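Taking it in order: structure first as structure tokens, then the write-up.
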Protein chains: 2
Amino acid sequence: MALKMLKNKSPAPPEPCMLTECMAVISGAWAPNVIWSLRAGPRRFSELRADIPPISAKVLSARLSELEKKGVLVRHVKRTSPPSTEYELTPLGAELLPALDAIVQVGHRLKAKF
Amino acid sequence: MALKMLKNKSPAPPEPCMLTECMAVISGAWAPNVIWSLRAGPRRFSELRADIPPISAKVLSARLSELEKKGVLVRHVKRTSPPSTEYELTPLGAELLPALDAIVQVGHRLKAKF
């Protein structure tokens, strides 16, 4: 006799934002690293490239425009000479930091144990 | 004159666990959904498949064994008739739940805004 399938007591993932869609906020190669690098304040493109050494200019540029479209960060063009562009976390983007910290904490302990 | 490159004041990602490696704990297609589905207690394979309708048996099986190897969940073989297998979050795996919640919250609000 097949076992009865139990109802899942976990609350359903919030709609209309599917869990997967929401997780997409931090998806994309190096997206968590870009968010992490901006935690102490705005950074320029070349500074971010130096912060995340294996990242290519092409990938960093793609990630920055995606994260900007999603509302995680904003781009400021500053009237310096030469003009410079800075990237800064939005308040909502900054709210991802504790979540990244929590995942890193768990990841760290799992790696130590397994 | 090129702009001076400023030092990044964000703390360096914790070593030896690189941010990317730690994030890998929740990587893999549907991994966050599997973790989410186990939040209220152990589930069997067929129950998890019903919880996450688009997941294939092959992908679910791959994800479960990866998450088991990483220490996020444990597999219990129960002496029911027929014998059944349940998957359950480890205490460390359960610590990922608040992080997933936080990301979902932010993702939800970003989607409402952009």
Side-chain angles (χ1 to χ4, degrees), chain A residues 1-3 5-11 13-14 16-26 29-30 32-33 36-41 43-44 46-48 50-51 69-72 80-82 84 90 92-93 95-96 98-114, chain B residues 1-3 5-11 13-14 16-26 29-30 32-33 36-41 43-44 46-48 50-51 69-72 80-82 84 90 92-93 95-96 98-114:
Chain A
M1 195 194 71
L3 292 168
M5 200 175 299
L6 296 180
K7 204 172 162 290
N8 194 333
K9 295 188 198 84
S10 319
C17 171
M18 301 278 292
L19 178 58
T20 316
E21 286 179 57
C22 289
M23 293 298 298
V25 173
I26 56 159
W30 305 109
N33 301 65
W36 184 288
S37 284
L38 295 175
R39 73 188 304 152
R43 302 287 283 163
R44 286 183 291 117
S46 50
E47 291 170 343
L48 287 170
D51 290 340
K69 272 198 206 96
K70 287 174 184 167
V72 173
T80 47
S81 165
S84 66
T90 59
L92 273 172
E95 288 184 33
L96 292 168
L100 290 187
D101 285 343
I103 295 168
V104 165
Q105 281 302 316
V106 175
H108 202 53
R109 284 152 66 201
L110 285 172
K111 280 178 66 79
K113 235 175 132 173
F114 292 90
Chain B
M1 197 190 72
L3 292 166
M5 200 174 301
L6 296 179
K7 202 169 164 294
N8 194 335
K9 294 188 197 82
S10 317
C17 170
M18 301 277 292
L19 177 57
T20 316
E21 285 179 58
C22 289
M23 292 298 299
V25 173
I26 56 160
W30 306 107
N33 301 66
W36 184 288
S37 284
L38 296 175
R39 72 187 304 154
R43 302 288 281 161
R44 286 182 291 116
S46 50
E47 291 170 342
L48 286 170
D51 290 341
K69 273 199 206 97
K70 288 174 184 167
V72 174
T80 48
S81 165
S84 67
T90 59
L92 271 173
E95 289 184 32
L96 291 169
L100 291 187
D101 284 343
I103 295 168
V104 166
Q105 280 302 318
V106 175
H108 203 50
R109 285 153 64 202
L110 284 173
K111 280 177 66 75
K113 237 177 128 172
F114 292 89

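Residue numbering restarts at 1 for every chain, and letters A, B, ... go by the order of the sequence lines. Since this is a predicted model, take the numbers as computed values, not measurements.
Here the straight-line distance linking atom CG of A:Leu3 with atom OG1 of B:Thr80 works out to 5.0 Å at 0.5 Å rounding.
In this structure, chain A has no heavy atom under 4.5 Å from any part of B:Ala29. Only the side chain of A:Ala50 comes within less than 4.5 Å of a heavy atom in chain B; its backbone stays farther off.
Listed options A:Asp101, A:Asp51, A:Leu6 were ranked by heavy-atom pairs under 4.5 angstrom with chain B; first place goes to A:Leu6. Each of B:Ser46, B:Gly71, B:Ala102, B:Pro32 has some count of heavy-atom pairs under 4.5 Å with chain A, and the biggest count is that of B:Gly71. Contacts with chain B were tallied for A:Pro98, A:Ala112, A:Ala40, A:Ser84; A:Ala40 has the most, counting heavy-atom pairs under 4.5 Å. Between chain B and the options A:Lys69, A:Lys9, A:Arg44, A:Arg39, heavy-atom pairs under 4.5 Å are most frequent for A:Arg44. Contact tally against chain B (heavy-atom pairs below 4.5 Å) for A:Arg43, A:Lys7, A:Lys70: the top residue is A:Arg43.
Not counting sequence neighbours, the partners of A:Val25 by the side-chain contact (heavy atoms from CB on, under 4.5 Å) test are A:Val72, A:Leu96, B:Leu110. For A:Glu95, the salt bridge (charged side-chain N to carboxylate O under 4.0 Å, His left out) partners two or more places apart in sequence, or in a different chain, are B:Arg109.
Side-chain contact between B:Ile103 and A:Met23 is present, with heavy atoms from C-beta onward closer than 4.5 Å. Contact check for A:Leu38 versus B:Ser10: no side-chain heavy atoms found under the 4.5 Å cut-off.
A:Leu92 approaches B:Val106 most closely through the heavy-atom pair O-CG1, 3.3 Å.
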